[in-house]
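Report on the structure given below.
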Amino acid sequence: MYSDKVMDHFANPRNVGEIPDANGVAQVGNAKCGDIMKMYLKVEDNIIKDIKFKTFGCAGAISTSSIATEMIKGKTLEEAEKLTNKAVIEALDGLPDEKIHCSVLAEQAIKAAIDDYRKKNNQ
Amino acid sequence: MERRYFDYAATTPVDPGVLEEMLPYFKDSFGNPSSIYSYGREAKKAVEEARSKIANLIGADSKEIFFTAGGSEADNWAIKGIAMKLKDKGNHIITSKIEHHAVLHVCQYLEKHGFEVTYLPVDENGFINLKDLKNSITNKTILISIMFANNEIGTIQPVKEIGEIAKEHNIYFHTDAVQALGNTKINVNDMNIDLMSMSSHKIYGPKGVGALYIKKGVKIDPFIHGGAQERRKRAGTENVPGIVGFGKAAEIASNSLEEHIKRTVKLRDKLITGILENIDYVRLNGDPIKRLPGNVNVSIEFVEGEALLLNLDMIGVSASSGSACTSGSLDPSHVLLAIGLPHEIAHGSLRLTIGRYTKEKDIDYVIEELPKIVDKLRAMSPLYEKVKGGDK
Amino acid sequence: MERRYFDYAATTPVDPGVLEEMLPYFKDSFGNPSSIYSYGREAKKAVEEARSKIANLIGADSKEIFFTAGGSEADNWAIKGIAMKLKDKGNHIITSKIEHHAVLHVCQYLEKHGFEVTYLPVDENGFINLKDLKNSITNKTILISIMFANNEIGTIQPVKEIGEIAKEHNIYFHTDAVQALGNTKINVNDMNIDLMSMSSHKIYGPKGVGALYIKKGVKIDPFIHGGAQERRKRAGTENVPGIVGFGKAAEIASNSLEEHIKRTVKLRDKLITGILENIDYVRLNGDPIKRLPGNVNVSIEFVEGEALLLNLDMIGVSASSGSACTSGSLDPSHVLLAIGLPHEIAHGSLRLTIGRYTKEKDIDYVIEELPKIVDKLRAMSPLYEKVKGGDK
Ligand SMILES: Cc1ncc(COP(=O)(O)O)c(C=O)c1O
Ligand SMILES: Cc1ncc(COP(=O)(O)O)c(C=O)c1O
Ligand code: FES
Ligand code: FES
């Protein structure tokens, strides 16, 4: 049901963890629905220098978090904000229909973390 | 990679002895049992022998066994068949909140068509309350349908007592015994059961066959109308190899019931203890004593069930979960919610069910490996952080 | 004694290639297709492959195929499912007098529950009249259910034309194609079929499995409620080996359809000619041209069908009859009565149906032996005396 790419990111998620001195942090989702995603950003000169995530959820949620962090690491905030769940799904070689909603979470978490950074830096 | 199957409640492999008995009925004795020539008579005889083996397993008479395509059809038939037959007498059905969907969705469907249904709540171990049951009976009640044993948490209901209450009030009692069959002693007469659903593939028989026990004298509409098979109660050319296989599976189950229960309970309890001792923030769901011999169901906090299952699958262990993420629906298992688990804990549920071919070393393996998987998943869980930080 | 099977319309032996494909799914790949671990995924894949083979045989899309436990369930589902879904739109159903009991008895049941049913008559060859069909349509008509080919007399209806009429009037068209499948070219789109019943054991697949074709967009209630299998339309753990076998049988049928028809028609016509030429007072029932490739149905005057069958069985020939005496009911076949046969002639009906493993020498054998049996029975028939005496 999951693509090899999904299973790879699920089994060996990239960028898992926390950034102690993150300057943009956000958590989306809620445990009631079974998925929570937390993103940590380290932004320097408008560029995402480092990114880490933690996710409570299914393989769809974990793999989308993982690949999304890979996709925006090193990108400018503007570029990162343009990341859509569609692009994430494509990068994973697809997701089962009933898992599309998990991919939305990654997009939301990144946007929320960028917002948090901007708020903290009065942008 | 060695495969370790921990999902006997979902389905079981066919016992080799069962398959062997089935084989002749595909190509050689393939006749239609309704025919009068010798090919047909052979098939007919085989079907009748299977019927008596199933009757024997549950203390019924052969004539009270009607073959179906499985447990779901048996549940649908029992409930819709009684509802349609007795609708002029009453339109009220009593069931529980933790029934299998094959009962619940039928009841919900009937609600759309003029029936009223009481869904009895259960306590934290999954038992219905007999007083609740009595209080919910009205003069419109035509059927009580309470499952024998639950497929998720393994809790075994006080069936005999429910049967007595039904009998006192002259109401038909149906029980879904799909999980109980072959796993606990059943006697339909002692237990005052009027209708009982069974399924072959849960007792090492083939998929696609089951049966409904209908006590002599019970009035019920057919569900599949057509030919005169199954004494005009269930139409369709008989699935002869399937029925023969189900019969053999029932025979094996009858002959080894006590031994099977003893052996399985021992393994189960070892697994439960191993998990509870080696993992923090974990709870056992279902009653510790009155539970199916092969059922282990735990909630592991801060992790999500599907992620657990896939990690187990990667090391060859097949299991099951009540997480919403595995069902494709938005809510976690209705059974886990009914016993009072909060959504987030229900999501972290894991069901490991064991059976005839489970070895002690498989149990040891899970006890050893599961904690590692849980650690790995908790390490990436934003929920677990807080606990570790002490601010839970 | 060599056995000669002449009852392919009742059921067929499983093709050896079919059984071979099924075997791994009993013991090794026995997983539940709804599970997410690898055991389950293997099973799921096998089910989906089978689905597309069946779709392929009838020109449908895979997503339009829903597995059932056989032809009877498919008929019940199609008719009850549409009736329940559309009952607020209308309560009128049109069918024919020569349908299989799995259609007729469902219609009769619905009549008891507020539906109205028109049973179209047929002509002496077994065809419905298209004008009758049009005339019987009312603004309450929600379903036309006319069988593709008749199981007793083999007559193939003008399905495409029926489909066009249904389409013009925006009424769903269901056809019971249990006998037609694998025996005549079917394209559900060209023929405007909305729902179609199929059964595996009539096409050299296993018993206990079938399918309902439901055209995309058709609104229908589920029949077996419960789990989310079959895209939430038909609950119950999938009969994986059965489905795999049905798929393989469909694949074989697709690949050899033309050749099968040619070969079978030749044998059939030889048998018909042989019987008509060698026995007096015999008539062919059903249309001589538009009939199933394997169907021979004759009425042999002054003899009774069950006696015929038993005599044939004694020499190793398995056949079937529309005689009341074989059915356990008081009336002979409703199909034979519907084509206008008097009771006494219907009693003497004999159906010989041939198929994949019928050899030319089997045909020769029946042509040789049947007249002797008929002679023997007529010699003891009080009805025949008169004819011989010339006073008929
Ligand atoms: C025309 C027709 N419809 C329906 C059925 C029922 O199919 P099944 O026996 O698979 O339920 C049969 C055969 O018995 C048949 O010949
Ligand atoms: C309690 C219970 N009832 C009914 C069913 C349905 O049985 P089947 O899959 O044979 O239709 C199952 C298993 O799936 C079950 O566990
Ligand atoms: S987190 Fe529940 S479906 Fe993905
Ligand atoms: S003559 Fe005996 S049943 Fe017809």
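So you know, we letter chains A, B, ... as the sequences are listed, proteins then strands, and number each from 1.
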Original post:
Side chains of Thr11(B) and Val240(C): closer than 4.5 Å at any heavy-atom pair?
Top reply: no

Original post:
How far does NZ of Lys112(B) sit from CG of Asp221(C), to the nearest 0.5 angstrom?
Top reply: 6.5 Å

Original post:
Taking it one step at a time, do His113(B) and Lys87(C) satisfy side chain to side chain contact (heavy atoms under 4.5 Å, CB included)?
Top reply: CA-CA 11 Å; His113(B) 293 280; Lys87(C) 70 176 181 183; 3.0 Å; yes

Subject >> Separation between CD1 of Ile36(B) and CG of Leu310(C), rounded to the nearest 0.5 Å >> reply: 4.0 Å

Original post:
Do you know which of Gly227(C), Gly31(C), Ser29(C) has the most heavy-atom pairs with chain B at a distance under 4.5 angstrom?
Top reply: Gly31(C)

Original post:
Among residues 74-86 of chain B, which ones touch chain C with a heavy-atom distance under 4.5 Å?
Top reply: Asn76(B), Lys80(B), Met84(B)

Original post:
Hey, which residues of residues 311-321 of chain C are touching chain B, say heavy atoms under 4.5 Å apart?
Top reply: Asp313(C), Ser318(C), Ala319(C)

Original post:
What part of Phe26(C) is in contact with chain B, defined as an atom under 4.5 angstrom from a non-hydrogen atom: side chain, backbone, both or neither?
Top reply: both

Subject >> Contact origin within Gln229(C) toward chain B - heavy atom pairs under 4.5 Å >> reply: neither

**OP:** Go through His225(C), His201(C), Glu73(C) and name the one with the most non-hydrogen pairs under 4.5 angstrom from chain B.
**Re:** His225(C)

Subject >> Heavy-atom pairs under 4.5 Å with chain C, option from Ala235(B), Ser38(B), Gly208(B) with the top count >> reply: Ser38(B)

**OP:** Please round to the nearest 0.5 Å and tell me the distance separating atom CG of Asn32(B) and atom NZ of Lys202(C).
**Re:** 6.5 Å

**OP:** Measure the OH-OH distance between Tyr5(C) and Tyr37(B) for me, rounded to the nearest 0.5 Å.
**Re:** 4.0 Å

**OP:** Select one option (side chain, backbone, both, neither) describing which atoms of Leu19(C) are under 4.5 Å from chain B's heavy atoms.
**Re:** side chain

Original post:
Does a donor on one side chain and an acceptor on the other come within less than 3.5 Å for Tyr39(B) and Asp7(C)?
Top reply: no

Subject >> Gly226(C) backbone acceptor or donor facing His105(B) side chain under 3.5 Å >> reply: yes

**OP:** Considering only NZ, NE, NH1 and NH2 on the basic side and carboxylate oxygens on the acidic side, decide whether Glu20(C) and Lys27(B) come within less than 4.0 Å.
**Re:** no

Subject >> Residue Ser199(C) versus chain B: region with a heavy atom under 4.5 Å >> reply: neither

**OP:** May I ask you to name which of Ser72(B), Pro222(B), Gly70(B) has the most heavy-atom pairs under 4.5 Å with chain C?
**Re:** Ser72(B)

**OP:** Let me know if Ile224(C) has heavy atoms under 4.5 Å from chain B in its side chain, its backbone, both or neither.
**Re:** both

Original post:
Side chain of Lys207(B), backbone of Gly242(C): donor and acceptor closer than 3.5 Å?
Top reply: no

**OP:** Check each atom of Phe223(C) against the heavy atoms of chain B and say whether the ones under 4.5 Å are side chain, backbone, both or neither.
**Re:** both

**OP:** Using non-hydrogen atoms and a 4.5 Å limit, figure out which bit of Glu238(B) sits close to chain C: side chain, backbone, both or neither.
**Re:** backbone

**OP:** Pick whichever of Val103(B), Val209(B), Leu104(B), Thr12(B) has the most heavy-atom pairs under 4.5 Å with chain C.
**Re:** Thr12(B)

